[in-house]
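Only one structure is covered here, and it is reproduced in the block below.
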Amino acid sequence: MGVTVAKTAGFCFGVRRAVELAFEKAKEYGAVCTAGPLIHNSAVLEQLEAAGARMLAEGETPAPGTPVVVRAHGLTVEELDRLRAAGALLIDATCPRVANIHRIVTEESEKGRLILIIGQAHHPEVMGIASRCREAVIACTEEEIDTFITNYAERPVSVVCQTTFSIKNHDKFVKILKNACHDILFFDTICKATELRQSEAAVYASKSDGVIVIGDPKSSNSNNLYRLCLERCNNTVFIENAGQLDGKGFKSCRDVFITAGASTPDSIIKEVNRKMSEEIKNENTESFEELLEQSLKTLHTGEKVTGVITQINATDIHVDLGVKQAGYVTMSELSDDPNFNVAENIHIGDEIEAYVMRVNDVDGLIMLSKKRLDAVKNWEKLEAAYENKEAVEGTIVDQNKGGIIASVMGVRVFIPASQTGLPREASFDSLMKTTQKMRITEINRQRRRVVGSIKQLQVESRREAAAKIWETIEVGAKYTGVVKSFTSYGAFVDIGGVDGMIHISELSWNRVKHPSDVLTIGQEVNVYVIAVDHEKKKISLGYRLAEDNPWTKFENTFHKGDVATVKVVKFMPFGAFAEVLPGVDGLIHISQIVADRRIGKPEEVLELGQTVDAKITDIDYEKKKISLSIRALLEEGPAQEEPETEE
């Protein structure tokens with residue numbers, strides 16, 4: 001027979017912080033108020049009231065200057081505004097993890113995203129989160145998740161979760177949402193203490209004859225803990241204190257497991273443990289005092305630790321490690337990544353892993369380093385990427401004659417000039433400060449040498465893209481490509497891994513002497529496929545658009561008998577050609593230039609570039625020929641029919 005007390009039982013970091021702050025401020029000010037129940041535990045609330053921390057009644061307005069402690073679950077924006085308007089002195093004891101959710105939903109709402117809150121709609125934590133959203137939906141059951149999907153699956157959605165929500169249900173909901181929603185982001189907001197508490201409870205409840213869950217009936221995490229244990233052990237009871245153990249009948253049990261919710265004080269857990277141990281006379285029971293002593297252990301240099309960020313300053317961040325000493329990380333020990341942004345990556349309430357660099361028991365401080373632990377992890381990630389031939393991403397930070405240097409997860413990676421993907425002799429300046437994907441081609445941790453290649457990925461990507469294009473390409477297909485080179489007869493365009501050619505005749509409806517008259521190297525162009533030769537791997541592309549055909553514009557603008565203002569562009573022995581529209585010329589026969597005499601040459605009357613009015617006397621739509629007459633406008637009668645002439 002034995003009794004096991006959960007190592008994770010009792011106050012979590014956020015609750016302990018709120019309770020200690022309330023007692024401290026009550027002593028400092030003589031009396032304080034709490035906005036709503038500070039935590040969900042009646043015994044603790046009674047102790048707080050006895051110490052001078054009175055809970056405000058619902059809707060009660062404190063007198064100006066009254067110190068008011070904001071509960072660990074946080075308050076709604078409306079409640080905070082009301083207290084500020086009353087002149088209350090607010091003391092924020094909101095759990096850092098809850099405050100982190102407030103930050104997330106505020107930022108995501110500003111991006112125009114719908115917020116889905118997985119949690120109990122009337123729980124104070126959830127109400128506080130919802131008040132900071134421009135648009136939010138709360139769901140707690142699978143039916144509510146299904147309803148959400150029916151109404152909002154097409155919307156951009158960001159998902160957060162109540163810190164004490166059931167991990168099992170959360171994971172089930174996430175799986176459903178991932179498969180149903182098109183644009184959805186998930187934020188891991190379940191408290192790690194809750195996760196560890198539930199994981200430990202699942203293991204021990206499965207192999208115990210009896211389970212005791214200690215907590216307040218109003219506590220969400222305690223109720224979730226009870227349901228989880230009951231699924232694994234039928235002999236599970238939910239009590240508030242040791243007095244409720246009487247008659248529960250655990251004497252016949254061989255193994256009893258005791259756990260407690262995040263709002264349960266150590267004193268109650270200790271009393272339940274003592275009473276249970278006496279009842280079954282277990283000599284091997286690990287006492288609560290021993291467990292408490294474990295939480296007060298001293299860490300040593302070189303240890304890997306995990307803590308919660310409690311404060312961020314200009315020079316360092318403070319970390320709660322769950323031990324008697326306070327941990328801190330200087331800004332210089334955060335990251336070696338030149339692009340590391342503290343504001344974006346470090347938030348109060350986040351978990352952080354680090355190495356212990358130095359322990360100062362006199363000052364009660366532990367100096368930590370995140371970047372040293374990251375360096376070890378990042379080398380392992382790079383080695384795994386090398387073995388698995390996976391791409392990595394880095395920022396180009398330096399250059400030399402032989403190539404460029406990239407920072408990949410804080411590790412310097414050398415990329416030879418031949419592997420940069422740039423043409424030979426090209427400047428590296430265009431790559432500096434840019435983010436590039438690359439493949440690791442050589443790695444030696446002992447020599448701290450890593451070599452990478454951008455070109456390898458480009459070649460592979462181009463090969464894959466080319467194969468895909470050849471599988472799907474067909475006449476008429478449209479692509480967006482980049483102009484790569486010119487010849488005297490056309491331009492070559494990369495349409496995503498494959499080069500196609502635009503013949504010079506397909507560049508424009510007007511006459512083009514050279515492709516550079518229309519396009520430039522590197523220009524992005526929209527093209528369509530005219531012909532495909534799979535055997536010779538040749539693609540002919542078109543660039544000019546049918547709707548830009550000048551003859552089409554002429555047909556839509558002019559008709560036989562219309563008068564047009566034309567420009568003389570060329571002389572021939574039999575007449576003059578005149579431009580009706582750019583790209584469309586008509587013939588003014590020599591007999592149709594003047595009305596009162598015969599002329600030997602058109603240039604006796606007309607000049608190149610001269611603008612004249614002429615009547616359209618005939619249109620050959622099939623041969624795309626136009627006959628013009630100045631004479632017809634000079635005579636009152638209809639223009640004489642012009643003789644047929646060989647050009």
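- Using cut-offs of 30° and 60° for the angle between ring planes, the Y489 and F492 rings count as perpendicular.
- The side chain to side chain contact (heavy atoms under 4.5 Å, CB included) test with I405 is passed by exactly one of I396, V397, T395: V397.
- L581 has its side chain out of reach of W551: every pair of non-hydrogen atoms, C-beta onward, lies at least 4.5 Å apart.
- The two residues F577 and M572 come nearest to each other via the heavy atoms CE1-CG, 3.6 Å.
- Separating the CD1 atom in I145 from the OG1 atom in T150 is a distance of 11.0 Å, to the nearest 0.5 Å.
- Checking side-chain atoms of D517 against main-chain N and O of H514 turns up a donor-acceptor pair under 3.5 Å.
- Taking NE2 of H170 as the start and NZ of K168 as the end, the distance is 15.0 Å to the nearest 0.5 Å.
- Between the CG atom of L382 and the CD1 atom of I440 there is a distance of 5.5 Å, given to the nearest 0.5 Å.
- In this structure the side chain of I415 never reaches within 4.5 angstrom of the side chain of V451, judged on heavy atoms.
- When atom types are taken as modelled, the side chain of N179 and the backbone of K175 share a donor-acceptor pair closer than 3.5 angstrom.
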- Message: What verdict does the side chain to side chain contact (heavy atoms under 4.5 Å, CB included) test give for K437 and Q458, after you've listed the backbone C-alpha separation in whole Å, the side-chain angles of each residue and the deciding distance to 0.1 Å?
- Response: CA-CA 9 Å; K437 286 188 175 181; Q458 291 177 342; over 6 Å; no
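- For D350 and H347, the side-chain atoms include at least one donor-acceptor pair closer than 3.5 Å.
- Q198 approaches T164 most closely through the heavy-atom pair NE2-O, 4.3 Å.
- A salt bridge links K370 with D374; the closest basic N to acidic carboxylate O contact falls under 4.0 Å.
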- Task: Begin from the C-alpha positions of Q419 and I454 and carry the test side chain to side chain contact (heavy atoms under 4.5 Å, CB included) through to its verdict.
- Result: CA-CA 6 Å; Q419 298 301 311; I454 297 173; over 6 Å; no
- Message: For a side chain to side chain contact (heavy atoms under 4.5 Å, CB included) check, start with the C-alpha distance between E460 and Q456, then their side-chain angles and the critical distance, and finish with the verdict.
- Response: CA-CA 6 Å; E460 291 172 12; Q456 266 195 26; 4.2 Å; yes
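- With contacts defined as side-chain heavy-atom distances shorter than 4.5 Å, the pair E351/T306 qualifies.
- In this structure, F173 and F165 have tilted ring planes: the angle between them lies in the 30° to 60° band.
- Around atom NZ of K371, more than 12 heavy atoms belonging to other residues, nucleotides or ligands sit under 6.0 Å away.
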- Query: Step by step, would you call I115 with I117 a side chain to side chain contact (heavy atoms under 4.5 Å, CB included)?
  - Reply: CA-CA 6 Å; I115 307 300; I117 306 171; 4.0 Å; yes
- Item | side-chain hydrogen bond (donor to acceptor under 3.5 Å, both in side chains) evaluation trace for T106 with R132 | CA-CA 6 Å; T106 300; R132 288 163 171 83; 5.5 Å; no
- Given E110 and R134, is the salt bridge (charged side-chain N to carboxylate O under 4.0 Å, His left out) satisfied, shown in steps? CA-CA 8 Å; E110 288 174 354; R134 293 183 180 178; 5.0 Å; no
- Between E333 and R372, is a salt bridge (charged side-chain N to carboxylate O under 4.0 Å, His left out) present by the stated rule, with each step listed? CA-CA 8 Å; E333 289 297 326; R372 300 190 188 192; 3.4 Å; yes
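- The side chain to side chain contact (heavy atoms under 4.5 Å, CB included) with F148 is formed by just one residue from the set V157, I138, V159; it is V157.
- Interatomic distance, I473 CD1 to Y479 OH, rounded to the nearest 0.5 Å: 4.0 Å.
- When all heavy atoms of F414 and G402 are compared, the pair lying nearest together is CZ-O, 3.7 Å.
- Comment: E390 does not engage R439 in a salt bridge, judged by the lack of any side-chain N to carboxylate O separation of less than 4.0 angstrom.
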- Report the C-alpha distance between N224 and S166 in whole Å, list the side-chain angles of each, state the deciding distance to 0.1 Å, and finish with yes or no for side-chain hydrogen bond (donor to acceptor under 3.5 Å, both in side chains). CA-CA 6 Å; N224 285 334; S166 163; 5.5 Å; no
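- D429 and Q399 are linked by a side-chain donor-acceptor pair at a separation below 3.5 angstrom, with hydrogens and angles left out of the test.
- Remark: side-chain polar atoms of T420 are not paired, donor with acceptor, to backbone N or O of P416 under 3.5 angstrom.
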- Message: Between Q120 and S220, does the side-chain hydrogen bond (donor to acceptor under 3.5 Å, both in side chains) criterion hold? Intermediate values first, please.
- Response: CA-CA 9 Å; Q120 298 164 325; S220 171; 3.2 Å; yes
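- Summarising the geometry, atom CG belonging to L185 is positioned 6.0 Å from atom CG belonging to D183; distances are rounded to the nearest 0.5 Å.
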- Report the C-alpha distance between T434 and Q436 in whole Å, list the side-chain angles of each, state the deciding distance to 0.1 Å, and finish with yes or no for side-chain hydrogen bond (donor to acceptor under 3.5 Å, both in side chains). CA-CA 6 Å; T434 63; Q436 299 290 330; 3.1 Å; yes
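- By the 4.5 Å heavy-atom criterion applied to side chains, V160 and I118 are not counted as neighbours.
- With T472 contributing its side chain and K468 its backbone, the two residues share a donor-acceptor pair below 3.5 Å.
- Put simply, the side chain of E506 reaches to within 4.5 Å of the side chain of I530, judged on heavy atoms.
- No side-chain heavy atom of E303 sits less than 4.5 Å from a side-chain heavy atom of Y355.
- Around atom NZ of K537, more than 12 heavy atoms belonging to other residues, nucleotides or ligands sit under 6.0 Å away.
- At a threshold of 4.5 Å between non-hydrogen side-chain atoms, the residues I626 and F554 count as touching.
- The distance from atom CG of L628 to atom CG of D585, rounded to the nearest 0.5 Å, is 9.5 Å.
- No side-chain heavy atom of V584 sits less than 4.5 Å from a side-chain heavy atom of E579.
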- May I have the step-by-step check of salt bridge (charged side-chain N to carboxylate O under 4.0 Å, His left out) for E107 and R103, ending in yes or no? CA-CA 6 Å; E107 291 177 356; R103 177 190 60 79; 3.3 Å; yes
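- Between E108 and K111 a salt bridge is recorded (basic side-chain N to carboxylate O distance below 4.0 Å).
- In this structure a side-chain-to-backbone donor-acceptor pair under 3.5 Å is present from T189 to C161.
- For E144 (side chain) and T141 (main-chain N/O), a donor-acceptor pair under 3.5 Å exists by modelled atom type.
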- Message: Quick one, D494 with R462, criterion salt bridge (charged side-chain N to carboxylate O under 4.0 Å, His left out). Give me CA distance, side-chain angles, the key distance, then yes/no.
- Response: CA-CA 10 Å; D494 181 353; R462 185 175 174 84; 2.6 Å; yes
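- If you check the side chains of D316 and T330, you find no donor sitting under 3.5 Å from an acceptor.
- Side-chain contact of N100 with R97: a donor-acceptor pair under 3.5 Å is absent, judged by distance alone.
- Counted by atom type alone, E383 and W379 present zero donor-acceptor pairs between their side chains at under 3.5 Å.
- Under 3.5 Å, the side chains of E125 and T163 contain a donor-acceptor pair of N or O atoms.
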